[in-house]
Protein chains: 2
Amino acid sequence: MADEKMKGMEHSEVHYFNSYNHHGIHEEMLKDEVRTRSYMNAIVQNKHLFKDKIVLDVGCGTAILSMFAVKAGAKHVIGVDMSTIIEKAKEIVEVNGMSDKITLLQGKMEEVELPFPEVDIIISEWMGYFLLYESMLDTVLYARDKYLVKNGHGLIFPDKATIFMAGIEDGEYKDEKIGFWDNVYGFDYSPLKHTALTEPLVDTVEIKAVVTDPTAVLTLDLYTCTTADLAFTSPFTLDCRRSDFVHALIAWFDIDFTACHKPIRFSTGPHTKYTHWKQTVFYLREVLTVEQGEQIRGVLENKPNEKNKRDLDVKISYQLETEDVTRQAQGSAEYKMC
Amino acid sequence: MADEKMKGMEHSEVHYFNSYNHHGIHEEMLKDEVRTRSYMNAIVQNKHLFKDKIVLDVGCGTAILSMFAVKAGAKHVIGVDMSTIIEKAKEIVEVNGMSDKITLLQGKMEEVELPFPEVDIIISEWMGYFLLYESMLDTVLYARDKYLVKNGHGLIFPDKATIFMAGIEDGEYKDEKIGFWDNVYGFDYSPLKHTALTEPLVDTVEIKAVVTDPTAVLTLDLYTCTTADLAFTSPFTLDCRRSDFVHALIAWFDIDFTACHKPIRFSTGPHTKYTHWKQTVFYLREVLTVEQGEQIRGVLENKPNEKNKRDLDVKISYQLETEDVTRQAQGSAEYKMC
């Protein structure tokens, strides 16, 4: 894995929104071709769905999705974003001659006043690391409940999200990230080792490091899910593909646009192209020594932190199912994404 | 250059301090061996200077420099930092058995009450990108004026900083960073192109990209400089080493510990080992076509932004001195590091 610690992530809500004033994050997202092209294809290839529709773009950023919707024939698009990037978005929409088709509003979804009482389609790129970390899903659900047409024909792009897990061999990098703290220029930095073990790492994982089959641990249907679903407890079973060591469990997500004529899906997993979401790595305290055909069974719990609702508290308990008593292992660990 | 946009940099002071609550930045700084080993050598190899001295560590972070000072024989070290990292620093100092030698205080230098009226030595790693961006130099100077012994024997580690500039050939990457905005999935993103041109880029520059000799544009003597020196206007002359194109001017800095028995210096330039400060790239609007032996003459102006004193306003004017009228060029550009 490349050394890249959850960049741009901070505690305070102040920072959360301020960080979007910097163009670096927008550049990174636009240049994430898996992300942006999937949205482009889902919208622009489905003109039959967008033609003459009222569209709401939740967290519109530079308004790229809003402009895709105009290109797909939307009657009008409303883009909402908290950040001052909306000023740049207005300039961009203007130079592309779409100012009459796109209304951009700066503010909280809960506070802005839309020019339409309801919308036909909600488009949003709301996903955070580990799908749910600093995600805007709650805002999308709020917008759905308040603005999406109630006639059963309202659409959400995307409308399905699935979190997957797998086990990985990661001895060398774990030593670099965790073992490092044992001896820092001759000093004992174990207090930071503890922190390093409890903070999931957002990083790219090579497919060859993956030791188990992946398994889905959460599927969200955006038409029906509620904010209560964002706190979940999910049992999982990981089938070991080969005999190896398991140093960490990883998670990623897939995104579906099922309303498309030809369904569009993209994945942020280790088996496919890089995305800026990378994967999320949860190091285990112990190393599991697994043999092909054995299973790691466990439970993943996730809930928003009570104090800072944008932080996530994650708990993973696991057990290696093996008849070899010398390798039997079980444990549980708590993580905090903050 | 690798694609890495000034990460961890935000506008608000709130964020400035919050960002240090994350261990990622401390890990990155500790793992910056050029930085940390230079400080270690400057302190630990100079026991004759530290023995029985009272030392102040300004912006102590995880207290690594404080612990080096104890190892060098300091009588007592006071570490001051605004960030909650100080809690982790206390744990680290404790597990290393130095709690009786190191006093750690959380707060602003201007507000904390030191257990000693004066100190013999100030140690600090205060440097920001482009030396001065979000740097703590003003805090170090405050500490110097208020706490450093007035008998002329007080020491500052480091005590000298020099900013250098050079011209680089960077056509391919400039196109990727700047030209990108001309056509973003079919849309005109020129409003962000303007921003991209006015925000210096912090990135690693390969030595082979450097077209001119480097030249020093600012030298700070930490014993004598004042905060007024942080706004400066500096003429420069860059001698072209070879015939090539110049797309950008870059800046970096060197740091000196002149009090050491054997003077210690490290550089953050493109000619030497990677540091987390990388180099700072100022793209020019035009491309200069230079020939070996010609000169680029110009003026670099830098001053803290009036509204946000941690932001920097930089202005560069330049002129290619050549007898070839077809290549004569001059211009000036304003940049904002924010």
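Annotation for A:Glu172: atom CD does not count as buried by contact number, only 12 or fewer foreign heavy atoms lying within 6.0 Å.
Partner of A:Phe157 under the side-chain contact (heavy atoms from CB on, under 4.5 Å) criterion, out of A:Ile264, A:Ile123, A:Val55: A:Ile123 alone. When B:Trp126, B:Phe68, B:Phe257 are each tested for a ring-ring contact (aromatic ring centres under 6.0 Å, His included) with B:Tyr39, only one passes: B:Phe257.
Identified by a heavy-atom distance below 4.5 Å to chain B, the contributing residues of residues 93-107 of chain A are A:Val95, A:Asn96, A:Met98, in residue-number order.
Residues A:Tyr185 and B:Arg37 are in side-chain contact: their nearest non-hydrogen atoms beyond the backbone lie under 4.5 Å apart. Looking at B:Met40 and B:Thr36, their side chains never come closer than 4.5 Å, going by heavy atoms from C-beta outward.
Aromatic pair B:Tyr173/B:Tyr283: ring centres not closer than 6.0 Å.
Interface remark: of the candidates B:Gly186, B:Ala196, B:Pro191, B:Ala89, B:Pro191 forms the most heavy-atom pairs closer than 4.5 Å to chain A.
Only the side chain of B:Phe180 comes within contact range of chain A, with at least one heavy atom under 4.5 Å from a heavy atom of that chain. At a 4.5 Å heavy-atom cutoff, the contact between B:Met67 and chain A is made by backbone and side-chain atoms alike.
Judged by the 6.0 Å distance and 45° axis criteria, B:Lys71 is positioned over the aromatic ring of A:Phe187.
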